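Heads up, the thing below is written out as structure tokens.
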Protein chains: 2
Amino acid sequence: MPASPLLPSLDSPHRRKGEQTAERILDAAEALFAERGYAGTSLRDVAARVELRIPSLYNHFPSKDALYAAVLARGIGPVLELLAGFAAAPSESRDAGAVIERVMAILRRHRNLPKLIQHETLAGGPRLTPMLREWIAPVFGRAGEMAETAPGAGRWAPEQLPLVVIAVYNVLVGFFTFAPLYQALNGDDLLTDARLDHQTRILREVVAALFPEVPIER
Amino acid sequence: MPASPLLPSLDSPHRRKGEQTAERILDAAEALFAERGYAGTSLRDVAARVELRIPSLYNHFPSKDALYAAVLARGIGPVLELLAGFAAAPSESRDAGAVIERVMAILRRHRNLPKLIQHETLAGGPRLTPMLREWIAPVFGRAGEMAETAPGAGRWAPEQLPLVVIAVYNVLVGFFTFAPLYQALNGDDLLTDARLDHQTRILREVVAALFPEVPIER
DNA sequence: GAATAGAACTAACGCTCGTTAGTTTTTTCG
DNA sequence: CGAAAAAACTAACGAGCGTTAGTTCTATTC
């Protein structure tokens, strides 16, 4: 595996032109897949958005399917790394509240991600499942231990804990995906910085209510 | 407006054949729209599922769009009625916990509904929004009053309350839509009766934690 | 600066899509 | 039963889809 010359950083202008184009394609495709789903997005739309002809896309991705997989991998990678780190950490240094805030921060920065994830979830996660298996497998392997040592272990039975975790996940992701509908209904934009701060604070309180051991810091 | 003869009940076998077919089409379309979304569902799939040729669908619905709208209206109507009733009730007889359990019961019976709603939400709710406006308008009209008299008014500021309601909504709907992915990951089916009872109970506890006034009954 | 590889292009393919026209069969009702 | 209406059918349409072949232009490298 040859090292690239002079180690050009990811956003360096010295990168090969092709890689820049590939990234622009990923950006466009991500926005469209998030907004309209896989079936609702055509390569024509993607090509138009990056101001290319359709066949040029095939110089960077071998198929629509592969493009979608690349979008998903790029988008979801950081979250999986974060969660894997959380799962691998020793019990006493596992701070659920902190992890939730960090996920929230990622979703704030990467606004396409929630819709992308939910579209994939609704499709049954055919591409997400293998990725989750690879990264999250350790979590299920240590599920028993984690259930006992997790925050809130005193309050929730081991059987209940996954359901509570799923609930928190849904609150986190659903807030972003529901926001546009909310805005269409009553005009309020929930995704402003101020509102997002608010939501983060509420999330903390809810998590605190669910896991009594997690201290509330403001 | 002529009354139908002998007032045939909705599931009576004496109904006109055409209406039966229309309902079978709605059933098939609902399942497919829920599973694959609007763009991912073709009229060919729908026709095949009801064992008809495609043009026959047009004897009952004028377009794919109209079929989708009919599916959505039929599916979401009962929930909107329930919520409208809740919103119209006087403050003192408004029991958030009870309404949540009744919504949960509807979703349990009508398994396509959560995915249908989330697909529509992800699409920005172009068809859901008008329906919600019509049924839910009173809620926003009395939003100020409700914020003051709602359960949990003591705990949550008026600004926070909508966010908390959205969170509960997401937990409710997201549980059903996330279940298939969860099953793909570790084999457990969350949608068995026993698990659903469990989830309902947890939901009660969570709501109790969020709205201290709502008593926990088991 | 010439050779080479990469990335853009034009043109067109086979297929599926939603929809329509026109015809035949089935159901409804006096 | 017989007429009329409803609902099924066959056939075909134009448009859009993902994808491929083949060509021209452009960036990379010695």
Side-chain angles (χ1 to χ4, degrees), chain A residues 2-8 12-30 32-33 35-72 119 123 126-127, chain B residues 2-8 12-30 32-33 35-72 119 123 126-127:
Chain A
S4 28
L6 295 176
L7 292 170
S12 154
H14 304 97
R15 271 162 68 225
R16 306 265 286 288
K17 185 96 182 284
E19 295 177 33
Q20 289 181 354
T21 308
E23 200 157 317
R24 283 174 51 230
I25 294 172
L26 283 175
D27 290 340
E30 181 185 279
L32 289 167
F33 283 138
E35 209 57 46
R36 314 180 188 174
Y38 181 82
T41 299
S42 75
L43 293 184
R44 279 159 178 78
D45 296 335
V46 177
R49 200 177 258 236
V50 284
E51 293 181 305
L52 285 179
R53 309 291 170 244
I54 310 164
S56 300
L57 303 180
Y58 285 84
N59 284 324
H60 303 274
F61 304 95
S63 68
K64 181 186 180 184
D65 218 78
L67 173 57
Y68 177 72
V71 165
L72 204 60
H119 266 124
R127 270 162 277 251
Chain B
S4 28
L6 294 175
L7 291 170
S12 154
H14 303 98
R15 272 161 66 227
R16 308 262 288 290
K17 185 90 183 286
E19 296 177 32
Q20 290 181 352
T21 308
E23 200 157 318
R24 282 173 51 229
I25 294 173
L26 283 174
D27 290 341
E30 181 184 281
L32 289 167
F33 283 138
E35 208 56 48
R36 315 179 187 172
Y38 181 82
T41 299
S42 74
L43 293 183
R44 279 159 179 80
D45 297 336
V46 177
R49 202 178 257 235
V50 284
E51 293 180 306
L52 284 179
R53 308 291 169 244
I54 310 164
S56 301
L57 303 179
Y58 285 84
N59 285 324
H60 303 274
F61 304 94
S63 68
K64 181 186 180 183
D65 219 78
L67 173 58
Y68 177 72
V71 164
L72 204 60
H119 267 124
R127 271 161 276 252

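What you see below is based on every heavy atom in this structure, not just the backbone, and it leaves out hydrogens, waters and symmetry mates. This one's a predicted model, so the numbers in the text were calculated from it and none came from an experiment.
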- Per atom distances to the B:Pro55 side chain, the nearest of D:dT10, C:dA8, C:dC9 is D:dT10

- Note on the structure: Closest non-hydrogen contact found for A:Asp65 with A:Arg127 is OD2-NH1, 2.6 Å

- Task: May I have the distance from A:Tyr58 (atom OH) to D:dT20 (atom P), rounded to whole angstrom?
- Result: 6 Å

- Query: Quick one: which of D:dT10, D:dC17, C:dA8 gets closest to the side chain of B:Arg53?
  - Reply: D:dT10

- Message: Angle between ring planes, A:Phe33 versus A:Tyr68, binned at 30° and 60°: parallel, tilted or perpendicular?
- Response: perpendicular

- Query: Is B:Ser56 touching bases, backbone alone, or none of the nucleic acid, heavy atoms closer than 4.0 Å?
  - Reply: base

- Spacing of A:Phe61 atom CZ relative to C:dA7 atom P, expressed in whole Å: 11 Å

- Any N/O donor-acceptor pair, B:Asn59 side-chain to D:dA6 base, under 3.5 Å: no

- Kindly say if B:Thr21 contacts the phosphate of D:dA7, meaning a side-chain N or O under 4.0 Å from OP1 or OP2. no

- Assess whether one donor atom and one acceptor atom, taken from the side chain of B:Arg44 and the base of C:dG18, lie less than 3.5 Å apart. yes

- Query: B:Val50 and B:Arg24: which non-hydrogen atoms are nearest, and at how many Å?
  - Reply: O-NH2, 2.7 Å

- Message: Side chain of B:Leu43, heavy atoms from C-beta onward: which of D:dA11, C:dT19, D:dA7 has the nearest atom to it?
- Response: C:dT19

- Whole-Å gap separating C1' (D:dC9) and CD1 (B:Ile54): 12 Å

- Message: On the nucleotide C:dC17, are OP1 or OP2 found under 4.0 Å from the side-chain N or O atoms that B:Ser42 carries?
- Response: yes

- Message: Can you measure B:Asp65 atom CG to C:dC17 atom C1' for me and round it to whole angstrom units?
- Response: 14 Å

- Item | Nucleotide nearest A:His60 when distance is taken to its side chain, options C:dA7, C:dT20, D:dT19 | C:dA7

- Message: Looking only at the side chains, is there a donor atom on one of B:Ser56 and B:Asn59 sitting less than 3.5 Å from an acceptor on the other?
- Response: no

- Nucleotide C:dA7, atom C1' - distance to CD of A:Glu51 in whole Å: 17 Å

- Note on the structure: Rounded to whole Å, OH of A:Tyr68 lies from P of D:dG18 at a distance of 15 Å

- Task: May I have the distance from A:Lys64 (atom NZ) to D:dG16 (atom C1'), rounded to whole angstrom?
- Result: 12 Å

- Smallest heavy-atom separation, B:Ile25 atom then B:Leu52 atom, equals CD1-CD1, 4.2 Å

- Atom pair distance, as rounded to whole Å: CZ in B:Arg24 and P in D:dA7: 13 Å

